Amino acid sequence: MLDIKFIRENPDIVKIAINNKNEKSNIDKLLELDELKRTKQFEYDNLRSEQNKVSKQIGKLKKEKKDASEILSQMKEIANKVKDLSTEISYLGDQLLALILRVPNIPDSDVPIGKDESLNEFYRESGVKKKFTFALKDQTQLLEINKLVDFKRGVKIAGSNFPIFVGKGALLERALINFMLDFHITKHNYSEMKVPFIVNRKTMTGTGQLPKLENDMYHIEQEDLFLIPTAEVPVTNFFADEILLEKDLPYKFTSYTPSFRREAGSYGKDTKGLQRLHQFNKVEMVRFVKPEDSDTALMEMIQEAGDILEALGLHYRVVKLCTGDTSFASAKTYDLEVWAPGTNRYLEVSSVSNFRDFQARRASIRFRDHNGKVQFVHTLNGSGLATPRTFIALIEQYQNEDGSITIPEILRPYLQGLEKISI
RNA sequence: GGAGAGUUGCCGGAGUGGUUGAACGGGACGGUCUCGAAAACCGUUGUGGAUUUACGUCCACCCAGGGUUCGAAUCCCUGACUCUCCGCCA
């Protein structure tokens, strides 16, 4: 959420940002409502002030057993006005909130302006494309040869894009999760959090998924709860409605959760194999930092996500997202894309974002600085990493001519020493 | 699922329809004392909004939303959540 004062004073900046982000938001209407509400609020405050004063006098008169009936009848009128105004103000307030919750965050000035992913900027790459001397197989072939995933039975028991990891596939997936968690805890000094996979509406609004993306969420109607699309949601809301101490910042949390996404409207696009799933596992990193530290934190987190890929010996690249590809709540986002040689494509395995105070404002996460002043924290998060696509890259980059897969050394302790997956 | 209790500030915990933004206790912070510390004593200790150059003034907030009233933390209604016991179950 943006500061209403900021919108009021910089409507053009906000409008440009909305446009660059391909969002829709009626700022003029919002400002009109804001103005009207403030006028009414002013009237209300004055009337209440009057009412409070006179009520105190009435109290005194009654104590002294004097007659107050004349003032009482006058006050009746004010009381009615106050009631009407208060109804009106709360109605305006609701409308205003509904609008402001749909205003996206403003991209940083160094974010390239562009409509879609084709205008993302190459940032850096790591490692080299392995040279293969044989005909490569892609993920679907490798998964099948080694019997790592059962797609058909997944369809039977849940639906398409709900694969079942079986045997060594399940083992390798679990190994990746545990490896990543351990890595962030021991090498990057994160503290682990195990959170609910189902959250309420307020929580989902706090990080910015709602109201905009309601259609992309799995919703449990009976309780009005949502399946989380990422650990970011419960972990970031951990401190909702709290005022933190400056000395405790930064907080760094890592959390493994499944992620549930309806992927409404994306049918048929990149849905082969493990690329786009309704449920997938992910290890997430979340930080709460002082405003002046968030730029550095973002850079560190990109490297931390990259460290995982480097430890696994996987070639990847980093791109800086353009405005149109940067998500609703984010001010700046970098994606890590890992190389999948089977199809010679780069797959997004991590998205690292600085939200600045946008989420903190929505969820009301603040800290008291050394001057005693209360400020919003900055929040950041990044995948570290999503497992299915890491899985794809791993089996494709580590495939052998016979279709078997060599396990990277660093991962072997997590697979009871297994060196190779083969039939 | 059944029965009951509760929700007040950083925490614990009072609260009569009328100077209660809220007693009291604890914590935290500042000060006095001390070589230093503890103890003791003194003081400070909410958030958001409007207005003002500023001092300040005003408004709102005691789970949420309604209602009664000139006036609500206090009375009434609805809802959410928490806890306890029973039932069921990993």
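Every heavy atom of this structure was used, including side-chain atoms; hydrogens, water molecules and symmetry mates were not. Chain letters run A, B, ... following the sequence lines, proteins first, then strands; residues in each count from 1. What you see is a predicted model; the values in this text were computed from it and never measured.
- Less than 6.0 angstrom separates the ring centroid of A:His188 from the ring centroid of A:Phe183.
- Comparing B:U78 with B:A60, their C1' atoms sit 23 Å apart, to the nearest whole Å.
- Considering only residues two or more places apart in sequence or on other chains, A:Phe391 meets the ring pair (Phe, Tyr, Trp, His ring centres under 6.0 Å) condition with A:Phe165.
- When all heavy atoms of A:Phe280 and A:Ala386 are compared, the pair lying nearest together is CE1-CB, 4.1 Å.
- Of the candidates B:G66, B:C70, B:A60, B:A60 carries the atom nearest the A:Tyr44 side chain, counting heavy atoms from C-beta on.
- Classification of A:Arg287 and A:Asp293 as a salt-bridged pair fails, no side-chain N sitting under 4.0 Å from a carboxylate O.
- A:Lys40 comes within 4.0 angstrom of no nucleic acid atom, judged by non-hydrogen atoms across all strands.
- Residue A:Leu245 contributes atom CG, which lies 11 Å from atom P of B:C29 at whole-angstrom precision.
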Would you mind writing out the side-chain donor-acceptor pairs for residues 45-56 of chain A within the sub-3.5 Å range, not counting sequence neighbours?
unit_1, atom_1, unit_2, atom_2, d
A:Asp45, OD1, A:Gln41, NE2, 3.1
A:Asn46, ND2, A:Phe42, O, 3.4
A:Arg48, NH1, A:Gln51, OE1, 2.7
A:Asn52, ND2, A:Arg48, O, 3.4
A:Ser55, OG, A:Gln51, O, 2.8

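- Listed by chain and number, the residues in a ring pair (Phe, Tyr, Trp, His ring centres under 6.0 Å) with A:Phe226 are A:His219 (sequence neighbours excluded).
- Between A:Gln51 and the phosphate of B:G71, there is a side-chain N or O to OP1/OP2 separation shorter than 4.0 Å.
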Within the sub-3.5 Å range, which N or O atoms of nucleotides 7-12 of chain B have a protein N or O partner, and how far apart are they?
none

Dot-bracket for RNA chain B: what is it, with Watson-Crick or G-U pairs under 3.5 Å, [ ] where a pair crosses earlier ones, and | for a pair to another strand? ((((((((.[[[..)..(.....]]]((((((.......))))))((((((....)))))).[[[[[..)....]]]]])))))))....
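- Atom C1' of nucleotide B:A60 and atom CG of A:Leu47 are separated by 15 Å, given to the nearest angstrom.
- By the ring pair (Phe, Tyr, Trp, His ring centres under 6.0 Å) test, A:Phe328 is found to be paired with A:Phe358, residues two or more places apart in sequence or in another chain being considered.
- For A:Phe238, the ring pair (Phe, Tyr, Trp, His ring centres under 6.0 Å) partners at least two apart in sequence or on another chain are A:Phe253.
- A:Glu246 pairs in a salt bridge (charged side-chain N to carboxylate O under 4.0 Å, His left out) with only one of the listed residues (A:Lys290, A:Lys373, A:Arg368, A:Arg366), which is A:Lys290.
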Can you pull every protein N or O that's under 3.5 Å from an N or O on nucleotides 48-56 of chain B?
unit_1, atom_1, unit_2, atom_2, d
B:G48, OP1, A:Arg366, NH1, 3.3

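- Taking the nucleotide of RNA chain B with the nearest heavy atom to each of A:Ser49 and A:Thr87, the more 5' of the two is matched to A:Ser49.
- Near-neighbour residues of RNA chain B inside residues 355-365 of chain A, defined by a heavy atom below 4.0 Å, are absent.
- To the nearest angstrom, P of B:U69 lies 19 Å from CD1 of A:Ile71.
- Distance, A:Lys373 NZ to B:U45 P: 20 Å, rounded to whole Å.
- Position along RNA chain B of the nearest nucleotide to A:Lys53 versus A:Ala79 favours A:Lys53 as the more 5'-ward residue.
- Contacts of A:Asn52 with the nucleic acid, taken as non-hydrogen atoms under 4.0 Å apart, involve only primed sugar atoms and P, OP1 or OP2.
- Near-neighbour residues of RNA chain B inside residues 218-227 of chain A, defined by a heavy atom below 4.0 Å, are absent.
- Across all their heavy atoms, A:Arg356 and A:Ser294 have their closest contact at NH1-OG, 3.3 Å.
- Going from atom CE of A:Met75 over to atom C1' of B:C70 covers 5 Å, rounded to whole Å.
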I'd like a table of donor-acceptor pairs (distance under 3.5 Å, sequence neighbours excluded) in which one partner is a side-chain atom from residues 409-423 of chain A, with atom names and distances.
unit_1, atom_1, unit_2, atom_2, d
A:Arg412, NE, A:Ile407, O, 2.9
A:Arg412, NH2, A:Ile407, O, 2.9
A:Tyr414, OH, A:Asp182, OD2, 2.6

Grab the N/O contacts between the protein and nucleotides 18-23 of chain B below 3.5 Å, and write none if there aren't any.
unit_1, atom_1, unit_2, atom_2, d
B:G18, N2, A:Ser55, O, 2.8

